[in-house]
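Inspection log for the structure reproduced underneath, given as structure tokens.
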Amino acid sequence: MEYNFRDIERKWQKQWKDSQAYKVKNDFSKPKYYVLDMFPYPSGAGLHVGHPLGYIASDIFSRYKRLKGFNVLHPMGFDSFGLPAEQYALDTGQHPAVTTKKNIETFKKQLDNIGFCYDWDREVQTSDPNYYKWTQWIFLQLFDSFYNRQTSKAGRIAELTATFELEGNVNHPCPGDVTIKFTAVEWRSFDEKQKMNVLMEYRLAFCGYGEVNWCEALGTVLANDEVVNGVSERGGHPVVKKKLRQWYLRITEYADRLLEGLDRIEFSDAMKEMQTNWIGKSSGAEIDFAIKGVLNTKLRVYTTRPDTIFGADFMVIAPELELVKEIKSEEQTAAVDEYLAYVKSRSERERMAEKKISGVFTGAYAINPFSGREIPIWISEYVLAGYGTGAIMAVPCGDERDHKFARHFNIPITNIIGSYYNGEEANPTKEATLQNSGFLDGMVMKDAMEVAIQALEDNGIGVRKVNYKMRDAAFSRQRYWGEPFPIVWKNGIAYPLDESELPLELPHVDSYKPGPDGEGPLANISEWVNQFAAQIPPTGGGGALETNTMPGYAGSSWYFLRYMDPQNDKAFCDRKVSDYWNQVDLYIGGTEHAVGHLLYSRMWTKVLFDLGYIGFDEPYKKLVNQGMIQGSSRFVYRVSITPSGENRRGQVYVSKSHYERIDEIKNDVQKVAEYLNKYVIGKVTRIDSDSVVNINSIHVDVNLVDGVILDISKFRSKWPEGDDVVHFILEEDNTYICGTEVEKMSKSKFNTVNPDDLVMKYGADTFRMYEMFLGPVEMSKPWDTKGIEGVHRFLKKFWRLFADETKGLIVNDAEASAEELKVLHKTIKKIEEDTERFSFNTAVSGFMIATNELTDLKCHKRSVLEPILILLTPYAPHIAAELWSLLGHSDSILDAAYPKFEAKYVAETSKEYPISINGKLRTTMNIALDAAQPEVEKIVLENEVVQKWLEGKPPKKIIFVKGKMVNVVI
RNA sequence: GCCCGGGUGGCGGAAUUGGUAGACGCAGCAGACUCAAAAUCUGCCGUUCGCAAGAAUGUGCUGGUUCGAUUCCAGUCCCGGGCACCA
């Protein structure tokens, strides 16, 4: 009876499917556990070995929790809206819905191959109208809400208008535009459009004109985190700033709660820090400076260091500010205008890349409110219009950028920190005692901070102020393949669709080309756009649907809730059901979503909590970041001499060591020609004066390479023309050695490995355990198929504990020996502890050790093997189920009782103590564990190795740590 | 530039609280079984010296704390990730 993994796995996958073994019920009587994977985008490329890493880990943990008696929710679905499907549609004309469906089928088949315990009845697809109906519904809730700063919670727009009727907005300053201020009387006098415009500045989902990251090549707007170094993350196309009407989420209102919530969840420190940095909270003050000769305008700056106000030697304002035009002096007008033109000419990309010091004096002066000193006002692009007030007070002795600027333009520097400033570079210390600082003189900076702010507030020239780097999140895309907004525009007012109209389905289109003026493809379908024209309040007639669609993160912001109650058509998720499943207990996914998806879904959860739809305000209790599996690329090197000598005798591929030698002499064409001719006779017959050596390193399919050795015959088969066409220059042992590099796994680099192939060859159980055995889940590592044999051998060896090739099942009912029970309980402890702390690689090694030891003991006893079989179930469910059934069980091993560790079986009476001399291990001795120090000292000193090192002298000291070690100091 | 991680055999990695460094596996070497191969099994396997016993050395590098450091501290180099004119 052999370990026939193919039959076994096919059999059990069918059996589990037929018996609905993975069906999850909302059974409120059982304790729950919710394990979630970040759902994949179903790309056309299918799964590669990198994808399942996290899925396997979560599957193991789910199955483990199930054995422990929990009702486990471990669903899977697809983030199926997105750009690639639409790009593909543009290229091929295939409808995204069609390609997406096909891709999902492939993904599901591949996932099922690996034997995951998903309840596919709970599958969600973000592009399914039954799903995005509720994405649109949640959007409507966001649209109908504002952030009430009094209660620090989302509230309804109706509450807000009720307040406005009574008291205006005095207690609810406008988050979108602080200059909007009105009384109750004024509010009541506003017409509908004015009211709606005001409310738009409060809504959590709002529409506004704003500078957006516009990518011409993609024809769309990108979120900040989709732009990397001035180019699009996808495709690397240039990105420019452009003013467009856009939808946004007012996530900035949640900045503090997003920050505070981090204390209550288990994310890695690195992840928390990324989010903290992204939110970028800083506190300081806004200070108003009078401008010399200008009466009704002040210069408002933001600083985190009000204590340094006496060191402000100049002011810098962002070139974009309107104030510039107002204050520039006549003499400086030409220079300022020239500078503004220069700034405008520079793209975001140049600005980011160059960072050179530039700026111009406006001719205006600000007045230091405490000293009356006149401070020149400059403009420079290093001050950003979008942060703080767009203006700063520059303190060159304390800020490096200000210092460089002052140096560059020869602005005198005031030293307020004494010896802390060396005249060469700025010192951002907070410890210095202030000098040249008026009433702050003699105070330590960090104490002066509070005094300065108080003085500013007392004199009405400044206020305490907290700022965030985080911006409101752009929430619209000029794309087809996304959720349509349930919004109708009429006369510039956005009217929400009634809930009963949801889902607002995407129309079928024939063209995915952008609409006019940067609008999305939907703008081209007037029939669809105008479908609600007759119903729009208050008068009916006119009105057009919003033609933008929602971004990729809309559907993924709440999908974890839908899994709980996926078929509900009355609500996104029944409250009783979400109360039961509650937070995701374990969320597994990559770090790439640190500041995107994870922040947005945290915000949506908080809003839904505030509005009373769910009972918790953090979606994910614990997050484990799986590492990336990188590709291990292989290269071949093609050498040619152009323009002459080329292709006379076909292409020449040289092995690695030859490549290295040729690379050294590549500038000498003659030498390279001789080199090539030495191996390929007549390869190079003529060299011209303009001949050059070309060396191309070309990705070669990793499946044609064994380790680093190229399978030449497979490679050669790409040229059916025959041997004359392609030549190889090999190593001395007649092998072709490839170059290697670790890169992202991708089809274009020919370094992808398909899990299907490995499952076919070794089985799903081997594949699962091997992926875990590679190393800690959190760690990124290049894929290497080599070691999979070892794991496969282990499973075969494990099988042989139960069954013999000729004799069949060899398990007996004899009583287990103490030694065997020790192995069993040691293993129970090891596997349970390692599983709990997600140390799956060491758990796999624990199974190997147990198998090796039981094989050595020739143990085939049911009472030992059965519990180990249960331990193995989460890791290798198929083999476990098969053996369980062979042992005569008719019930399912998926619900067996997890074995209980009993310490008495592993208790030892003595230990092989390491005996060190001066901390260096010299020998070991078996000593009873209950032996006390005097007794141990006596035994140790009698040891001949110890006596040899003592050379007759008494030891200085003997360190004895019970149960650990003995160290003799001489 | 700033902020996080991380550097351990030929390779992936282990060492959970400062206490036997290198578990487990891959690759390699030697052997058994076999006509042969596969499969399986046994032994060896950081480096240097040595027939061996053993000794020296060894967790990026330089120091320190300690009876004892892969683990703690200071400095430094390298690799990976994040942020990047945020006042």
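No experiment lies behind these values; they were computed from the predicted model shown. The sequence lines fix the lettering, A, B, ..., with proteins before strands; numbering per chain opens at 1.
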What does A74(B) pair with, Watson-Crick or G-U, if both distances are under 3.5 Å? U62(B)
OP1 or OP2 of C2(B) less than 4.0 angstrom from a side-chain nitrogen or oxygen of N277(A), does that happen here? no
Return the value, rounded to whole Å, for the distance between atom CZ of F960(A) and atom P of G18(B). 20 Å
Decide if atom CD of E2(A) counts as having more than 12 heavy atoms of other residues, nucleotides or ligands within a radius under 6.0 Å. no
Grab the CD-C1' distance between E771(A) and C24(B) for me, whole Å please. 18 Å
Options C41(B), A14(B), U20(B), nucleotide nearest the side-chain atoms of P776(A): A14(B)
Given the P atoms of G58(B) and A53(B), what is the spacing between them in whole Å? 22 Å
Counting only Watson-Crick or G-U wobble pairs whose two distances fall under 3.5 Å, which nucleotide matches G80(B)? C4(B)
Indicate, with a heavy-atom threshold strictly under 4.0 Å, whether I959(A) touches base, sugar-phosphate, or nothing. base
Whole-Å distance between A39(B) C1' and H792(A) NE2? 11 Å
With under 30° as parallel and over 60° as perpendicular, where do the rings of Y913(A) and F960(A) fit, or are they tilted in between? tilted
Answer yes or no: does a side-chain N or O of R793(A) lie under 4.0 Å from OP1 or OP2 of A27(B)? yes
Taking any heavy-atom pair under 4.0 Å as a contact, classify D402(A): base, sugar-phosphate, or nothing. nothing
Measure the distance from CG on N841(A) to P on A23(B) and round it to the nearest whole Å. 15 Å
For the student: nearest non-hydrogen atoms of I251(A) and D472(A), plus distance: N-OD1, 3.2 Å
Nearest-nucleotide comparison on RNA chain B, the residue closer to the 5′ end among M965(A) and G919(A): M965(A)
How about H593(A) and Y600(A): are their ring centres within less than 6.0 Å of each other? no
The nucleotide from C26(B), U42(B), A14(B) with an atom nearest the side chain of T842(A) is A14(B)
Locate the shortest heavy-atom distance separating P396(A) from A426(A); write the atom from each residue and the value. O-CB, 3.4 Å
Complementary nucleotide of G25(B), counting Watson-Crick and G-U pairs under 3.5 Å: C11(B)
Describe the nucleic acid contact of W949(A) in one word from base, sugar-phosphate, nothing, applying a heavy-atom distance below 4.0 Å. sugar-phosphate
Taking NE2 from H403(A) and P from C85(B), how many angstroms apart are they, rounded to a whole number? 21 Å
May I ask you to decide if the ring planes of H825(A) and F901(A) are parallel, tilted or perpendicular, using 30° and 60° as cut-offs? tilted
Pair partner, U16(B) [Watson-Crick or wobble, under 3.5 Å]: none
Could you tell me the separation between the CZ atom of F840(A) and the P atom of A23(B), rounded to a whole number of Å? 24 Å
Taking the P atom of each, how far is C61(B) from G7(B), in whole Å? 13 Å
What's the NZ-C1' distance between K920(A) and A21(B), to the nearest Å? 14 Å
Please state the P separation for the pair U70(B) and G60(B) - nearest whole angstrom. 9 Å
Which comes earlier along RNA chain B counting from the 5' end, the contact point of E912(A) or that of G775(A), where each point is its nearest nucleotide? G775(A)
Select base, sugar-phosphate, or nothing to describe what N967(A) touches, counting heavy atoms under 4.0 Å on all strands. base
Which listed nucleotide (G25(B), G19(B), G82(B)) is nearest to the side chain of V961(A)? G19(B)
For the side chain of I849(A), starting at C-beta, report the closest nucleotide among G12(B), C24(B), A55(B). C24(B)
How is D269(A) classified with respect to the nucleic acid when contacts are heavy atoms under 4.0 Å: base, sugar-phosphate, or nothing? nothing
G68(B) versus A21(B) - spacing of their P atoms, nearest Å: 14 Å
Glycosidic conformation of G9(B), taking syn as within 90° of 0 and anti otherwise: syn
Atom C1', compared across A23(B) and A15(B): separation rounded to whole Å: 8 Å
Sugar-phosphate, base or nothing in reach of T303(A), heavy atoms under 4.0 Å: sugar-phosphate
Identify which nucleotide among U16(B), U20(B), G13(B) has an atom closest to any side-chain atom of K830(A), counting heavy atoms from C-beta outward. U16(B)
Just to confirm, is there a sub-4.0 Å distance from OP1 or OP2 of A56(B) to any side-chain nitrogen or oxygen of R922(A)? yes
Backbone of Y420(A) reached by a side-chain donor or acceptor of N427(A) within 3.5 Å: yes
Parallel, tilted or perpendicular, as decided by the 30° and 60° cut-offs, for the rings of W378(A) and F314(A): perpendicular
Just call it for K956(A): base, sugar-phosphate, or nothing, with non-hydrogen atoms closer than 4.0 Å on any strand. nothing
Reckon Y387(A) has a side-chain N or O less than 4.0 Å from the OP1 or OP2 of A87(B)? yes
Please state the P separation for the pair C45(B) and G25(B) - nearest whole angstrom. 15 Å
Which one, G12(B), U20(B), A23(B), comes nearest to the side chain of L774(A)? G12(B)
Would you mind pulling out the nucleotide paired to A37(B), Watson-Crick or G-U wobble, both distances under 3.5 Å? none
Nearest-neighbour nucleotide for the N852(A) side chain, C41(B), C24(B), A87(B) considered: C24(B)
Write down the partner of A55(B) under the Watson-Crick or G-U wobble criteria, each distance required to be under 3.5 Å. U48(B)
Side chain of Q275(A), backbone of A594(A): donor and acceptor closer than 3.5 Å? yes
A318(A) to V383(A) - nearest heavy-atom pair and separation: CB-O, 3.3 Å
Classify S282(A) by what it touches in the nucleic acid, base, sugar-phosphate, or nothing, heavy-atom distance under 4.0 Å. sugar-phosphate
Taking C4(B) as the reference, what is the distance to C72(B) when you measure between their P atoms (whole Å, please)? 16 Å
NZ of K781(A) versus C1' of G80(B): gap in Å, rounded? 14 Å
Indicate, with a heavy-atom threshold strictly under 4.0 Å, whether P782(A) touches base, sugar-phosphate, or nothing. nothing
For C83(B) and K469(A) - does any side-chain N or O of the residue sit under 4.0 Å from the phosphate oxygens OP1/OP2? no
Looking at every strand, decide which applies to R837(A) at a 4.0 Å heavy-atom threshold: base, sugar-phosphate, or nothing. base
Taking only the P atom of each, what is the distance from A69(B) to G80(B) in whole angstrom? 32 Å
Is any side-chain N or O of R800(A) closer than 4.0 Å to OP1 or OP2 of C41(B)? yes
